[in-house]
Amino acid sequence: MRRSKISVILAAVLAPWAATGCGVFIKDNITRDVERHVQEVDLRAVESRTLTHLSTLEQSVSDFYRAEKRVPEKLEELIPKYLSEIPQVELGVKGHSTNNDVRLYPAEVIQDGAIDGVRIRDTGRWGYAVKGNRVIIFVDCVHRTSKGNPWYQERGVY
């Protein structure tokens, strides 16, 4: 739908040049640039939603820990008191569909206080690991975000 709206607008703006033949080249370049920009904006929006969902999960675990004085064994324990539902992961990465599944990883996936990317399965789901009182919720994906960071290294936005 966006592509057709963009094409209609560009056709109207570039019509005077089209008659001379040079407008086709300009129209094609502008159309590609606009489409690429729209795709980049869409990808950043998808990434922003996932980081916001990650932040919500992190905050809910923190609230659970303060109230219950323990780390939840599963993220599903947060429902319904601390979270209405497990939010969805959206990555915009080929091969990973939108889902809200959670994969619990063993404590060994946490190395030096961070997730060891070699030890994850790249499922595109939420990952969750507990080591002592340290809880890390992450996106179980080794692909890179638009900022260039692997998804599993991203933290939620507070």
Side-chain angles (χ1 to χ4, degrees), residues 1-10 29-158:
M1 180 177 242
R2 280 191 178 141
R3 186 173 290 172
S4 63
K5 287 181 183 178
I6 291 169
S7 296
V8 169
I9 292 168
L10 287 173
N29 284 341
I30 291 174
T31 300
R32 274 194 300 274
D33 290 345
V34 169
E35 287 175 355
R36 184 174 50 244
H37 179 70
V38 168
Q39 289 171 350
E40 289 170 4
V41 168
D42 286 345
L43 179 60
R44 284 194 298 271
V46 165
E47 290 178 352
S48 180
R49 279 192 300 273
T50 294
L51 292 174
T52 299
H53 293 322
L54 179 57
S55 176
T56 299
L57 284 170
E58 291 169 339
Q59 186 61 52
S60 297
V61 168
S62 178
D63 293 345
F64 181 98
Y65 184 76
R66 278 195 301 275
E68 309 287 331
K69 307 297 186 228
R70 67 179 181 88
V71 173
E73 292 179 26
K74 295 181 177 182
L75 290 182
E76 288 79 3
E77 286 185 66
L78 302 172
I79 300 169
K81 188 173 180 182
Y82 303 95
L83 196 62
S84 61
E85 65 182 2
I86 302 296
Q88 291 189 336
V89 177
E90 300 175 79
L91 301 178
V93 173
K94 189 175 182 177
H96 291 315
S97 61
T98 302
N99 67 68
N100 61 351
D101 295 337
V102 179
R103 178 177 177 83
L104 179 61
Y105 277 93
E108 295 77 36
V109 78
I110 301 175
Q111 296 293 317
D112 299 322
I115 297 300
D116 180 359
V118 174
R119 298 173 186 249
I120 65 173
R121 296 197 179 207
D122 191 34
T123 63
R125 301 175 179 168
W126 294 117
Y128 175 64
V130 179
K131 191 172 194 176
N133 283 340
R134 173 105 173 142
V135 176
I136 299 179
I137 302 167
F138 59 98
V139 178
D140 186 5
C141 180
V142 298
H143 296 89
R144 296 190 178 275
T145 67
S146 62
K147 294 186 287 184
N149 303 323
W151 267 107
Y152 67 87
Q153 290 180 352
E154 290 289 342
R155 301 286 40 99
V157 181
Y158 287 102

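Please read these numbers as outputs of a predicted model, since none were measured by experiment.
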Side-chain heavy atoms of R155 within contact of I136, under 4.5 Å: yes

Sorted by chain and residue number, the side-chain hydrogen bond (donor to acceptor under 3.5 Å, both in side chains) partners of N149 (sequence neighbours excluded) come out as E154

Give a yes or no answer on whether the side chain of S62 reaches the backbone of E58 with a donor-acceptor pair at less than 3.5 Å. no

How close do V89 and G124 get, heavy atom to heavy atom, and via which atoms? CG1-O, 3.4 Å

Kindly give the heavy-atom pair with the smallest separation between E108 and Q111, and that separation in Å. O-NE2, 2.7 Å

Is there a side-chain contact between I110 and I115 in this structure, where contact means two heavy atoms from C-beta onward sitting under 4.5 Å apart? yes

Within a radius of less than 6.0 Å around CZ of R103, do more than 12 heavy atoms belonging to other residues, nucleotides or ligands occur? yes

Just to verify, what does R49 make a salt bridge (charged side-chain N to carboxylate O under 4.0 Å, His left out) with, not counting sequence neighbours? E90

List the residues meeting side-chain hydrogen bond (donor to acceptor under 3.5 Å, both in side chains) with S146, not counting sequence neighbours, and say none if there are none. E47

CD/Q153 to SG/C141 distance, rounded to the nearest 0.5 angstrom? 11.5 Å

Atom of V71, atom of F64 and distance for their closest heavy-atom approach: C-CE2, 4.0 Å

Please output the side-chain donor-acceptor pairs of residues 75-82 that fall under 3.5 Å, not counting sequence neighbours, one pair per line with the distance.
from : atom 1 : to  : atom 2 : distance (Å)
E77  : OE1    : R70 : NH1    : 3.1
E77  : OE1    : R70 : NH2    : 2.6
E77  : OE2    : E73 : N      : 2.6
E77  : OE2    : K74 : N      : 3.2
Y82  : OH     : E68 : OE2    : 2.7

Tell me which pairs pass ring-ring contact (aromatic ring centres under 6.0 Å, His included) where either residue lies in residues 101-123, with sequence neighbours left out. Y105-F138

Could you pull out all residues at least two apart from R44 that satisfy side-chain hydrogen bond (donor to acceptor under 3.5 Å, both in side chains)? none

Grab the two heavy atoms, one from A129 and one from P106, that are nearest each other, plus how far apart they are. CB-O, 4.2 Å

Just to verify, what does V142 make a side chain to side chain contact (heavy atoms under 4.5 Å, CB included) with, not counting sequence neighbours? I120, D122, Y152

Any pair counted as salt bridge (Lys or Arg N to Asp or Glu O under 4.0 Å), so long as it reaches residues 123-136, sequence neighbours left out: D101-R125

Got a second to check how far W126's CH2 is from L57's CG, nearest 0.5 Å? 5.0 Å

Say you draw a straight line from CD1 of I137 to NE2 of H53; how long is it, rounded to the nearest 0.5 Å? 13.5 Å

Which residue is it: T50, L54, D140? I am looking for the one with a side-chain contact (heavy atoms from CB on, under 4.5 Å) to W151. T50

List the atom of P72, the atom of V130, and the distance in Å for their closest heavy-atom pair. O-CG2, 4.4 Å

